[in-house]
Amino acid sequence: MFRQLLLAWYEKSQRKLPWRGATDPYHILVSEIMLQQTRVAVVEERYRQFIAQFPSAEKLARAKESTVLAAWSGLGYYRRARALHGAAKEVVRRGFFPRTAPELMELPGVGRYTAAAVASIAFGEPVAVVDGNVKRVIDRLISHKAADAGPVEEKQYWEIAGQLLDRQSPGDFNQAMMELGAVVCVPGNPLCAVCPVLELCASRGALPQPEKAARKKAIVQYSLCLKNGSVLLQQRPQNSSLMPGMWELPACSENNQKRQTSQPLMKLMHSITTTDYSVLVFAGNLRKGHWVPLKNVERSALTGLTRKILRKLKEGA
DNA sequence: GACCCGTGGTG
DNA sequence: TCACCAAGGGT
């Protein structure tokens, strides 16, 4: 009953998204990697652009890493871009696209979720996915059981999802579970009034307890150095754990009295993982780095913050 | 299992 | 404004 209700709802109510109906496993892989911890609204346009630029695994495999990172700029979690690039190379090296979940997991950047998603959606393998949406749906669906037994453990989510799975239409079923979590069984106030499986739900929307994560605050200062229509950029170290190899504005030295007393050109807030940054941008006159014409700066592998600053600068000018 | 990795939409 | 957090993976 659960399967029929969910699939019927999905068929009728699913959002139209650029990767819906895709049959090319490479396209599906790209969408799944992009969607890792990233909202659908952000991914939609970026997915179209990426597929237009790299329409096949062969094309992506042939591209330079800097080009791939530039295409990924602003999406965050840049390890994903490098891994996807590596996965494309691996597919080309093998000469075929892996067709089963265990084989897919051998590709860099492909874990249990992504392997199951690609295997079920592209190849119809009857394997369930578990992501944040699925966990929330399961939490609410069986809450009465979880009350005594304590929180559902990671392993149990996969077992329960596997039992719920419609083995005839695993790809649609998996997407339907995630769609339900994304648009109906949402974290805040779930829309139980329009839920297709309300009758089968143990909680009927009872809210999970909120948890808050501690965030750090920091101040960062950048120099905006312009010369002949070019901007000075510096590359982050390749061994940095944070945004390695990405390009950004040169930092202002903290003990520079002149910088601190002068008026900033721009002031903005920006969050990176668990830190909230107050960002100050000063006019500068540095020389160390790489001059990039503002006209072409979008072709560079900029950090998201750098893109934001340069975009704001453009709007203000 | 805990911790780290980015960003921008949202209420 | 600001806290929350999203179709996870790697270590």
Side-chain angles (χ1 to χ4, degrees), chain A residues 10 14-15 17-20 22 28-47 69 72-84 86-87 104-118 120-121 128-137 151 153-155 157-158 161 171-183 185-189 207-217 236 239-246 248 268-279 301-309 311-312:
Chain A
Y10 179 67
Q14 65 174 275
R15 293 168 292 178
L17 300 173
W19 49 88
R20 292 260 203 251
I28 294 169
L29 177 64
V30 170
S31 72
E32 292 299 342
I33 300 286
M34 275 195 181
L35 285 163
Q36 288 172 5
Q37 296 291 286
T38 307
R39 294 177 188 283
V40 165
V42 174
V43 170
E44 282 191 74
E45 185 54 26
R46 304 301 298 266
Y47 170 82
L69 287 172
W72 204 271
S73 170
L75 271 174
Y77 288 136
Y78 299 102
R79 182 188 301 170
R80 295 184 298 174
R82 292 191 171 89
L84 179 58
L104 284 158
M105 280 190 61
E106 294 173 11
L107 298 176
V110 177
R112 190 172 179 182
Y113 162 80
T114 304
V118 174
S120 63
I121 297 170
V129 300
V130 172
D131 74 333
N133 290 308
V134 173
K135 286 181 180 175
R136 187 169 54 255
V137 169
E153 289 175 24
E154 183 70 21
K155 188 180 167 192
Y157 284 117
W158 290 93
D172 280 348
F173 178 88
N174 283 333
Q175 293 182 83
M177 284 286 279
M178 295 189 283
E179 187 83 354
L180 186 69
V183 305
C185 197
V186 292
N189 297 319
L207 300 177
Q209 76 300 342
E211 292 177 26
K212 52 180 87 174
R215 298 188 63 79
K216 290 171 283 189
K217 293 185 188 302
R236 297 177 60 82
N239 61 3
S240 167
S241 68
L242 190 66
M243 302 176 286
M246 302 297 285
E248 62 185 356
L268 54 95
M269 295 295 299
H270 186 76
S271 298
I272 299 178
T273 60
T274 60
T275 305
D276 295 327
Y277 291 94
S278 298
V279 184
L302 306 175
T303 68
L305 173 54
T306 305
R307 300 177 102 230
K308 194 194 274 189
I309 291 170
R311 200 182 309 144
K312 245 182 119 164

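The chains referred to below are lettered A, B, ... by the order of the sequence lines, with proteins before strands, and numbering in each begins at 1.
- With distances taken from any side-chain atom of A/K308 to the nucleotides C/dA6, C/dG9, B/dG8, the minimum falls on B/dG8.
- For the atom pair A/L305 CG and A/L268 CG, the distance stands at 6.5 Å (nearest 0.5 Å).
- Counting non-hydrogen atoms under 4.0 angstrom, A/W72 reaches nothing in the nucleic acid.
- The interatomic distance linking A/H270 (NE2) with C/dC2 (C1') rounds to 15 Å, in whole Å.
- DNA chain C is contacted by A/R79 of residues 73-83 of chain A, taking any non-hydrogen atom closer than 4.0 Å.
- Counting any heavy atom pair closer than 4.0 Å across all strands shown, A/S241 reaches sugar-phosphate atoms only and no base atom.
- Within 4.0 Å (heavy atoms only), A/Q175 reaches no atom of the nucleic acid at all.
- A salt bridge links A/E179 with A/R20: at least one charged nitrogen is closer than 4.0 Å to a carboxylate oxygen.
- Across B/dC3 and C/dA7, the matching P atoms stand 23 Å from one another, rounded to whole Å.
- Rounded to whole Å, the distance from CE on A/M246 to C1' on B/dC5 is 13 Å.
- Toward the 5′ end of DNA chain C lies the nearest nucleotide of A/G181, the other residue of the pair A/V110 and A/G181 mapping further downstream.
- Put simply, CG on A/L305 is 7 Å from P on B/dT7, counting in whole angstrom units.
- Taking the P atom of each, C/dG10 and B/dG8 are spaced 24 Å apart, rounded to whole Å.
- Mapping A/A41 and A/E153 onto DNA chain B by nearest heavy atom places A/E153 at the nucleotide closer to the 5' end.
- Put simply, the side chain of A/T38 and the base of B/dG6 share a donor and an acceptor less than 3.5 Å apart.
- If you measure from atom CZ of A/R15 to atom C1' of C/dA7, you get 9 Å, rounded to the nearest angstrom.
- Between the P atom of B/dC4 and the CE atom of A/M243 lies a distance of 15 Å, rounded to the nearest Å.
- Rounding to the nearest 0.5 Å gives a distance of 10.5 Å between CE of A/M243 and OG of A/S73.
- When the nearest nucleotides of DNA chain C are assigned to A/R39 and A/L107 by heavy-atom distance, the more 5′-ward of the two goes with A/R39.
- Between A/M178 and A/D131 there is a side-chain heavy-atom pair separated by less than 4.5 Å.
- Distance A/E45 CD to B/dG8 C1': 15 Å, rounded to the nearest Å.
- Atom C1' of nucleotide C/dG9 and atom CG of A/L84 are separated by 13 Å, given to the nearest angstrom.
- Side-chain contact, A/E32 with A/Y113: a donor N or O sits under 3.5 Å from an acceptor N or O.
- Here A/R236 lies out of heavy-atom contact (under 4.0 Å) with every strand.
- Side chains of A/T38 and A/R80: a donor on one and an acceptor on the other come within 3.5 Å.
- With C/dA7, B/dC5, B/dG8 as the candidates, the nucleotide lying closest to the side chain of A/R311 is B/dG8.
- Taking atom C1' in both B/dG1 and C/dG9, the straight-line distance is 14 Å, to the nearest Å.
- From A/T114, atom OG1 reaches atom CG of A/L29 across 7.5 Å, with rounding to the nearest 0.5 Å.
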*Kindly determine whether A/V42 and A/Y47 satisfy side chain to side chain contact (heavy atoms under 4.5 Å, CB included), including the steps that lead there.*
CA-CA 9 Å; A/V42 174; A/Y47 170 82; over 6 Å; no

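- Summarising the geometry, the separation between CD1 on A/I33 and C1' on B/dC5 is reported as 14 Å, rounded to the nearest angstrom.
- For the OP1/OP2 pair of C/dG8 and a distance below 4.0 Å, the side-chain nitrogens and oxygens of A/Q37 include at least one atom meeting the criterion.
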